[in-house]
Protein chains: 2
Amino acid sequence: MNLTDAKAQFIQSWGIMGSQWGINRTMAQIHALLIIAAHPLTAEEIMEQLSISRGNTNMNVRELIDWGLLQKVIVPGERKEFFTAEKDIWKVATLIMYQRKKRELDPMVKVLNQLSEVEGDKNDADVKAFTETIGNIKKFTGQAEKTLDTMIKAEENWFWSSFLKLFK
Amino acid sequence: MNLTDAKAQFIQSWGIMGSQWGINRTMAQIHALLIIAAHPLTAEEIMEQLSISRGNTNMNVRELIDWGLLQKVIVPGERKEFFTAEKDIWKVATLIMYQRKKRELDPMVKVLNQLSEVEGDKNDADVKAFTETIGNIKKFTGQAEKTLDTMIKAEENWFWSSFLKLFK
DNA sequence: TATATGTTTCAATATTTATTGAAAGTTTAG
DNA sequence: CTAAACTTTCAATAAATATTGAAACATATA
C-alpha cells in the first residue's frame, strides 16, 4: 500500500470508528485528515480532500476546535485560516475522554443523584431494590469518574511507566 | 419523586446516554427497564412498558442477549419466555467494554497494522511522519487493550480495593 | 470607501438509522 | 395431527441525523 492509499484508509477507518461511538463521521474524518497532514490545512483543502461542502467543513471544524482537538494557525502573509490537529495521541485521548465525560456522563450522574432521593416506604422491597441498584450504579460511576480525572490530569509518562506496570 | 416516575426517568436517561454512545436508544431502554425490574419480564410486558412494537422488542432483546446483557429465563408452567438483566453493574460495564472492543476497536487495530506496512522510501519525511503517527496510535491502543483485558478479567473486589487505591 | 476574499449561518434536502406490523415460522398442548 | 400460543422476519415507513449551497456576514486590501 502506498502513502496516499494508506492515508485515505486511515481517514476512512477513523471516520467509521467515530460514527460507531456517536461522533459524526465527517468530524472524525476531518480530525483524521489533520492528524496525518504534514502541514496545517485550510478549509478549502479540507473540503477538497474529503469532498464535502463548505458549510459542513465549517461546522465540524468549529466543533473540533470546541473539543480542543483542532487549533487555528496563523500563517504570516496568508488571509486564509489554517487548521492543525493535536498529534500527541495521549493528549487526544484525554481530550476526548474529558469532553465525553462532561457532555454525557455528567448529566447521567446528575439524574442518578435525583433518583436516589426517591420517596416511599424504605421497607418496601421494591423501593429498597431500586435505591440499591441506583446506589450501586452511582458508586461505580463515581469510581470511574475518579479514575478518568486521574488519567486526564496525569502526565503521559506516568501512564507509560507506573500505570503500565500496575496492570500487567 | 415516586418510584414509578423514578423508574421512568432512569429508563429515559439510560436510553439517551446509550444513543450518545452509539447504542440504539430502544436497546438501552430495554436494558434499563430490566435492570430495575423486580422480576423477569416477557416480551409482551416490555412492549407495553416502553410502548414499542413486537418486532422492535424482539430485535433489541436478541441483540442484548448477544451482548451478554440479558438472559432468557424459564418460568415453570409458563409458555412465554421471560427476560432478565445482569444487575451487577461491574459485570455490565465489563460486558459492554468487551463487546465494544471486539466490535469497534479490534477492526481499527487491524487496519492500523496494515497501515504500518506502508511502502515507500523510509527516508522520505512524509512516509516517516505517517508511520510514526500510526506507530504511536498503535502503541496507545495496544496499551489500552491490555488495560481493558485486565479489567475484564479482574474480579470486582480487586477493582474496589487495589485498583481504587492506586488511582487515588 | 469600495471591492475582493474569506467565513458563517441555516432552511431545504439527502442520507442513515430505527420502527412498525403483518405474514411466515415455530413450538406446545390437547 | 392440528389449532392455539408464541416468536421471528423483513419490506415499508417513519424518525433522526448529516449535508448542501447560496445568501448574509465579516474582514483585509487598494
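This one's a predicted model, so the numbers in the text were calculated from it and none came from an experiment. All chains are named by letter (A, B, ...) in the order of the sequence lines, taking the proteins before the strands, and each is independently numbered beginning at 1.
Within the 4.0 angstrom heavy-atom criterion, no nucleotide atom of any strand lies near B/Thr57.
Whole-Å rounding puts the B/Lys72 NZ to C/dT26 P distance at 14 Å. Spacing between atom CD of B/Glu78 and atom C1' of D/dA5 amounts to 12 Å, rounded to whole angstrom units. The nearest whole Å value for the distance from the CD1 atom in A/Ile16 to the C1' atom in C/dT16 is 14 Å. As rounded to whole Å, 11 Å separates atom C1' of C/dG6 from atom CZ of A/Phe83. Distance CD (A/Glu63) to C1' (D/dT19): 15 Å, rounded to an integer number of Å. Straight-line distance from the CZ atom of A/Arg54 to the P atom of C/dT9: 15 Å, rounded to whole Å. For A/Asn60 and C/dT9, the CG to P distance is 13 Å, given to the nearest whole Å. As rounded to whole Å, 12 Å separates atom P of D/dA22 from atom CE of A/Met47.
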Quick one: which protein N/O atoms are closer than 3.5 Å to N/O atoms of nucleotides 11-13 of chain C? Pair and distance per line, please.
none

Would you tabulate the pairs of protein nitrogen or oxygen atoms and nucleotide nitrogen or oxygen atoms of nucleotides 3-5 of chain C closer than 3.5 angstrom?
residue: C/dT5; atom: O2; partner: A/Arg79; partner atom: NH2; Å: 2.8

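When distances run from any side-chain atom of B/Ser53 to the nucleotides D/dT19, C/dT20, D/dT7, the shortest one goes to C/dT20. Closest to the side chain of A/Glu81, from the set D/dT8, D/dT20, C/dT8, is C/dT8. Distances from the side chain of B/Ile52 to the nucleotides C/dT20, C/dT7, D/dT19 place C/dT20 closest.
A/Lys128 places no side-chain N or O within 3.5 Å of a backbone atom of A/Lys122 that could act as its donor or acceptor partner. Although no hydrogens or angles enter the test, the distance criterion places no donor-acceptor pair under 3.5 Å between the side chain of A/Glu117 and the main chain of A/Gln114.
Distance check, rounded to the nearest 0.5 Å: CG of A/Leu70 to CG of A/Asn60 gives 10.5 Å. One finds the OG1 atom of B/Thr131 at 10.5 Å from the NZ atom of B/Lys138 (value rounded to the nearest 0.5 Å). Going from atom NE2 of B/His31 over to atom CD1 of B/Ile96 covers 6.0 Å, rounded to the nearest 0.5 Å. The OG1 atom of A/Thr133 sits 8.0 Å away from the CD1 atom of B/Ile36 when rounded to the nearest 0.5 Å.
By the 4.0 Å N-to-carboxylate-O rule, B/Lys7 lies too far from A/Asp126 to be salt-bridged with it.
Toward the 5' end of DNA chain C, the nearer of the two residues A/Glu44 and A/Ser19, judged by each one's closest nucleotide, is A/Glu44.
Close to C/dT9, at under 4.0 Å from its OP1 or OP2, lies a side-chain N or O of A/Arg62. Under 4.0 angstrom from either OP1 or OP2 of D/dT19 there lies at least one side-chain N or O belonging to A/Thr26. The side chain of B/Asn24 contributes an N or O atom lying less than 4.0 Å from OP1 or OP2 of C/dT19. Between A/Asn58 and the phosphate of C/dT8, there is a side-chain N or O to OP1/OP2 separation shorter than 4.0 Å.
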Take A/Leu112 and B/Phe10, measure what side-chain contact (heavy atoms from CB on, under 4.5 Å) needs, and give me the verdict at the end. CA-CA 8 Å; A/Leu112 288 173; B/Phe10 177 71; 4.1 Å; yes
Given the rule in the side-chain hydrogen bond (donor to acceptor under 3.5 Å, both in side chains) test, do B/Thr42 and B/Glu45 qualify, once you have shown the distances and angles that lead to the verdict? CA-CA 5 Å; B/Thr42 62; B/Glu45 290 167 313; 3.3 Å; yes
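Other residues, nucleotides and ligands contribute only 12 or fewer heavy atoms inside 6.0 Å of the CD atom of B/Glu132.
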